[in-house]
Asker: 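Can you read through this structure? Questions will come right after.
Chain A is the first sequence line, chain B the second, and so forth, proteins listed ahead of strands; every chain is numbered from 1.
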Amino acid sequence: MVPRVISSLVSFVSLLETFFIERRIQMNEREQVIKALQPALTDLSMNEIADKIERPKDSNNGDYAFPTFFLAKTLHKAPQIIAQELLAKIDQTGFEKVVVAGPYINFFLDKQVVGENILKTILADPENYGSQDLGHLANVAIDLSSPNIAKPMGMGHLRSTVIGNAIANILAKVGYNPIRINHLGDWGTQFGKLMAAYEMWGNEEEVQQDPINTLQKYYVKINTEADTHPEYNDLGREWFKNLENGDPEAYRLWKWFRAESLKRFMKIYRLLDIDFDSYNGEAFYNDKMAEIDQLLQDKHLLQESKGAQIVDLEKYNLNPALIKKSDGSSLYITRDLSAALFRKRMYGFAQALYVVGAEQRNHFDQLKAVFSEMGFTWSKQIHYIPFGLMSLNGKKMSTRKGNIVQLEDVLNDSIKLARQQIAEKNPELQNADEVARQVGVGAVIFHDLKNERTNSIDFKLADVVKFEGETGPYVQYAHARAESILRKAGTPDFAQAESLALSGDEAWGILTRLGQYGEVIERAANEYDPSLVGKYALALAKDFNQYYAHTRILVDDDEKMARLALVKAVSEVLKSSLALLGVKAPDEM
RNA sequence: GGGAGGAUAGCUCAACUGGAUAGAGCAUCGGUCUUCUAAACCGAAGGUUGUGGGUUCGAUUCCCACUCUUCUCACCA
């Protein structure tokens, strides 16, 4: 027993060594191409060459390509000729081949060497494959989810929640310290309206039975009736003013509604498996807004207009920011200003992100403009991350009009469907309920993340709970198949293998894809775009499913270990990319 | 009317940020389970990239105009 442990330790250490040496080579395949080109292009700097190198869409054109069009003008020759002439001066050692294809020079990497390096790199430390240190552990405050109290959480809030969470995961992967802040919508005139409605028509017992839906009902009622009774709007404002002034009855109602709502939200967050570092909502800033008011006054930024206090933003080409209503009560932006200031002091963030729907663009433009008027240079660290609206039957979802789809219902439908599929396809599965939850929830999350953030989505249940094609379950399934093979192989010890090189071309697509993981994550982090990771996971799952369908893995030959290493690497990277999106990867399904 | 997004296959979306024959998934039609999980794989069909100009060796991508569409434009959030 002991010698075995020692020997595997030793081989692990040697694997680690090769990891550090070979990681460098692997990271620098592009650089290898640049170096090969340099002797042929002495007039150009490394960066200039690097800018021109591209990756061909079609693998028949190699792994990297160098187009020569841009040289035609200065050299007064046809690009095709230039390519031919350059080829003669290129150092081809280390490549499988370098060929000219019209105006392009195509580089083919040494598949066995590069492929083996990639596999070794991943297997040496699967958890950290793709990790980077771009952030040096700087804090990033992320405002996400932020549902409104006393309203059911709709599909719209799902977007903020899962996009924000995925961005937080991705930023953590590249070395930042994300701080997830759930800026609950627990303040504002809407609350006043709810209280007014409760006072008029409310029934304590009815609320106790089903808090959210009942409160929602009152809220819809007062909004509907306000069309014919405009005085209800004034009543709402009055109740909100009472709340801000500390009226005991208003405060009692507020506290009660908030507690009931939070209970319900937590259920959903547990299902999604998302935690927050702070639940400080708008109400939290009630006693902190005076400072903003004072600062604005000190800097002579406040102006009176129609009895209200505003900051003029004409030079930003924005409409004025309304800081204080004519009755003296606060507004959304007032609370957001003090929230941002609080976060800057509390966390010393390097960036502050706001994952909020695209319809609020104007609000965040104003927010940043007011801060820059105040002379806070860190307003540049505030990044608004809008996402497209979710509509229902082509119409905007509106809590006021009751035209919403409840997230909880969708999640439950999806889980139920997953459970049915398991009963059909894999009735022997042990922890079927748990897996159904992972698959059902995974489908919903993935559906929301696979496309570009800013696309607007018209909600269709059938699309969300689809498990075939480009979906979360498709990726989970590829992962489960890979794990199944590894179980059958008896969890092989790759450290013992002499070679993980694969001859033949079948696996090359997978290997290059695996090698791109780090770049994809980096780009996703820079662009705050989880869909890049989602698309990557789909592509890798597809590569693997194709390989799986055409290649027998568990046959005893010289390359069995190498194939298994490939399967293991795919499994790890699929699991890792799903994890970044907040989706689980069950080993069986 | 001002501002900001968007328009690519019947539908939902991609396209490495200006490169090689614009690609996937659904849906449709056809094929593949006594072999590692068919939630899979293979094939067929599907396009004047909203319209018109411009820049460029080269445009879905950049610029201009227009059409359509979504959001937004002070006492909601």
Asker: Compare every heavy atom of A:Asp463 with every heavy atom of A:His447, then report the nearest pair and how far apart it is.
Answerer: CD2-O, 3.7 Å
Asker: OP1 or OP2 of B:C42 sitting under 4.0 Å from any side-chain N/O of A:Gln546?
Answerer: yes
Asker: Starting at CG of A:Leu322, measure out to CG of A:Leu331 and round the result to the nearest 0.5 Å.
Answerer: 5.0 Å
Asker: Look at all strands and tell whether A:Gly188 reaches a base, only sugar-phosphate, or nothing, counting heavy atoms closer than 4.0 Å.
Answerer: sugar-phosphate
Asker: Determine the contact category for A:Lys425: base if any of its heavy atoms lies under 4.0 Å from a base atom, sugar-phosphate if only primed atoms, P, OP1 or OP2 are that close, otherwise nothing.
Answerer: base
Asker: Using whole Å, report how far OH of A:Tyr332 lies from P of B:C76.
Answerer: 14 Å
Asker: Should A:Phe467 and A:Tyr474 be marked as a ring pair (Phe, Tyr, Trp, His ring centres under 6.0 Å) after you check the CA-CA gap, both sets of side-chain angles, and the distance that decides it?
Answerer: CA-CA 7 Å; A:Phe467 298 165; A:Tyr474 177 90; over 10 Å; no
Asker: Could you work out the separation of B:U70 and B:U8 based on their P atoms and round it to a whole Å?
Answerer: 15 Å
Asker: How far, in whole Å, is B:A77 from B:C62 if one measures between their P atoms?
Answerer: 37 Å
Asker: Could you give the CD1-to-P distance, from A:Ile385 to B:A4, as a whole number of Å?
Answerer: 21 Å
Asker: Where each residue is assigned the nucleotide of RNA chain B containing its nearest heavy atom, which of A:Ser326 and A:Tyr548 is assigned the position nearer the 5′ end?
Answerer: A:Tyr548
Asker: Hydrogens and angles aside, do A:Glu373 and A:Tyr316 bring a side-chain donor and acceptor to less than 3.5 Å of each other?
Answerer: yes
Asker: Using the six-membered ring of A:Phe284, assess whether NZ or CZ of A:Lys288 lies under 6.0 Å from its centre and within 45 degrees of the ring axis.
Answerer: yes
Asker: Rounding to a whole Å, what distance do you find between A:Leu367:CG and B:A77:P?
Answerer: 14 Å
Asker: What nucleic acid atoms does A:Ile553 come within less than 4.0 Å of, heavy atoms only: base, sugar-phosphate, or nothing?
Answerer: base
Asker: Going by modelled atom types, is there a donor-acceptor pair between the base of B:A39 and the side chain of A:Thr471 at under 3.5 Å?
Answerer: no
Asker: What does A:Leu532 touch in the nucleic acid at a heavy-atom separation under 4.0 angstrom: a base, only the sugar-phosphate, or nothing?
Answerer: nothing
Asker: For A:Ser456 and B:U70, is the shortest distance between a side-chain N/O and OP1 or OP2 below 4.0 Å?
Answerer: no
Asker: Ring centroids only, cut at 6.0 angstrom: are A:Tyr104 and A:Phe69 within range, meaning strictly under it?
Answerer: yes
Asker: Remember a base hit wins even if backbone is also touched, and classify A:Arg237 as base, sugar-phosphate or nothing at under 4.0 Å, heavy atoms.
Answerer: sugar-phosphate
Asker: Pick base, sugar-phosphate or nothing for A:Lys73, based on heavy-atom distances below 4.0 Å to the nucleic acid.
Answerer: sugar-phosphate
Asker: Identify whether the glycosidic angle of B:C33 places it syn (within 90° of 0) or anti.
Answerer: syn
Asker: On a whole-Å scale, what distance lies between the C1' atoms belonging to B:C26 and B:C64?
Answerer: 38 Å
Asker: Which of the following nucleotides, B:G25, B:C36, B:C41, is nearest to the side chain of A:Lys542?
Answerer: B:G25
Asker: Nucleotides 16-20 of chain B: which of its N/O atoms have a protein N/O under 3.5 Å away?
Answerer:
unit_1	atom_1	unit_2	atom_2	d
B:C16	N3	A:Arg55	O	2.9
B:U17	O4	A:Glu527	OE1	3.1
B:U17	O4	A:Glu527	OE2	3.3
B:G19	O2'	A:Glu54	OE2	3.2
B:G19	O2'	A:Tyr104	OH	2.1
B:A20	OP2	A:Lys57	NZ	2.6
B:A20	N6	A:Asn106	OD1	3.1
B:A20	N1	A:Asn106	OD1	3.2
B:A20	N1	A:Asn106	ND2	3.3

Asker: Would you say the ring centroid of A:His383 lies under 6.0 angstrom from that of A:Tyr354?
Answerer: no
Asker: CD1 of A:Ile333 versus P of B:U72: gap in Å, rounded?
Answerer: 16 Å
Asker: Mind calculating the distance between CG (A:Asn455) and P (B:C11) to the nearest angstrom?
Answerer: 16 Å
Asker: Just to be sure I follow the notation: if a pair is Watson-Crick (purine N1 to pyrimidine N3 plus N6-O4 or O6-N4) or a G-U wobble (N1-O2 and O6-N3), each under 3.5 Å, what dot-bracket string does RNA chain B give, with | for pairs to another strand?
Answerer: (((((((..((((.....[...)))).(((((.......))))).....(((((..]....))))))))))))....
Asker: Can you name the closest pair of heavy atoms from A:Pro79 and A:Pro103 and give their distance?
Answerer: CB-CB, 3.7 Å
Asker: So A:Ala480, base contact, sugar-phosphate only, or nothing? Heavy-atom distance under 4.0 Å.
Answerer: base
Asker: Measure from NZ on A:Lys450 to C1' on B:U12 and round the result to the nearest Å.
Answerer: 7 Å
Asker: Looking at CH2 of A:Trp187 and CG of A:Asn148, how far apart are the two atoms once the value is rounded to the nearest 0.5 Å?
Answerer: 14.5 Å
Asker: Would you indicate what A:Ala308 reaches in the nucleic acid, counting non-hydrogen atoms under 4.0 angstrom: base, sugar-phosphate, or nothing?
Answerer: base
Asker: If the C1' atom of B:G23 is compared with that of B:U37, how far apart are they to the nearest Å?
Answerer: 29 Å
Asker: Using the purine O4'-C1'-N9-C4 or pyrimidine O4'-C1'-N1-C2 torsion, is B:U37 syn (within 90° of 0) or anti?
Answerer: anti
Asker: Across the strands shown, which category fits A:Lys324 at heavy-atom distances under 4.0 angstrom: base, sugar-phosphate, nothing?
Answerer: nothing
Asker: What is the distance from CG of A:Leu194 to P of B:C76, rounded to the nearest Å?
Answerer: 16 Å
Asker: Taking the P atom of each, how far is B:G58 from B:C13, in whole Å?
Answerer: 33 Å
Asker: With a 4.0 Å cut-off on heavy atoms, is A:Glu519 in touch with a base, just the backbone sugar-phosphate, or nothing at all?
Answerer: nothing
Asker: Please report the distance, rounded to the nearest Å, between NZ in A:Lys460 and P in B:A27.
Answerer: 15 Å
Asker: Could you tell me which non-hydrogen atom of A:Gly188 sits nearest to which non-hydrogen atom of A:Arg335, and how far apart they are?
Answerer: CA-NH2, 3.7 Å
Asker: Check for a donor-acceptor pair, side chain of A:His363 on one end and backbone N or O of A:Ile333 on the other, with a separation under 3.5 Å.
Answerer: no
Asker: In whole angstrom, give me the gap between the C1' atoms of B:A45 and B:G18.
Answerer: 32 Å
Asker: Ignoring backbone atoms, test whether A:Lys193 places a side-chain nitrogen or oxygen under 4.0 Å from the OP1 or OP2 oxygen of B:A77.
Answerer: no
Asker: Can you confirm if the NZ or CZ of A:Arg361 lies within 45° of the ring axis of A:Tyr384 and under 6.0 Å from the centre of its six-membered ring?
Answerer: no
Asker: Under 4.0 Å, heavy atoms only, any strand: does A:Thr334 hit a base, just the sugar-phosphate, or nothing?
Answerer: nothing
Asker: For nucleotides B:G2 and B:G54, find the distance between their P atoms and express it as a whole number of Å.
Answerer: 27 Å
Asker: Return yes if the base of B:C36 and the side-chain atoms of A:Ser484 contain a donor-acceptor N/O pair under 3.5 Å, otherwise no.
Answerer: no
Asker: As a test of reading the structure: which of B:A77, B:C13, B:A74 is closest to the side chain of A:Leu331, going by heavy atoms?
Answerer: B:A77
Asker: So what does A:Val555 touch, heavy atoms closer than 4.0 Å: a base, only the sugar-phosphate, or nothing?
Answerer: nothing
Asker: I'd like the C1' distance from B:A22 over to B:A65, given in whole Å.
Answerer: 26 Å
Asker: Which comes earlier along RNA chain B counting from the 5' end, the contact point of A:Ser305 or that of A:Lys466, where each point is its nearest nucleotide?
Answerer: A:Lys466
Asker: Under 4.0 angstrom, heavy atoms only, what part of the nucleic acid is A:Glu282 near: base, sugar-phosphate, or nothing?
Answerer: sugar-phosphate
Asker: Main chain of A:Asn426, side chain of A:Glu588: is a donor-acceptor contact present, judged purely on distance under 3.5 Å?
Answerer: no
Asker: Got more than 12 heavy atoms from elsewhere within 6.0 Å of CD, A:Glu231?
Answerer: yes
Asker: Which nucleotide in the list B:A74, B:U37, B:C41 gets nearest to the side chain of A:Arg481?
Answerer: B:U37
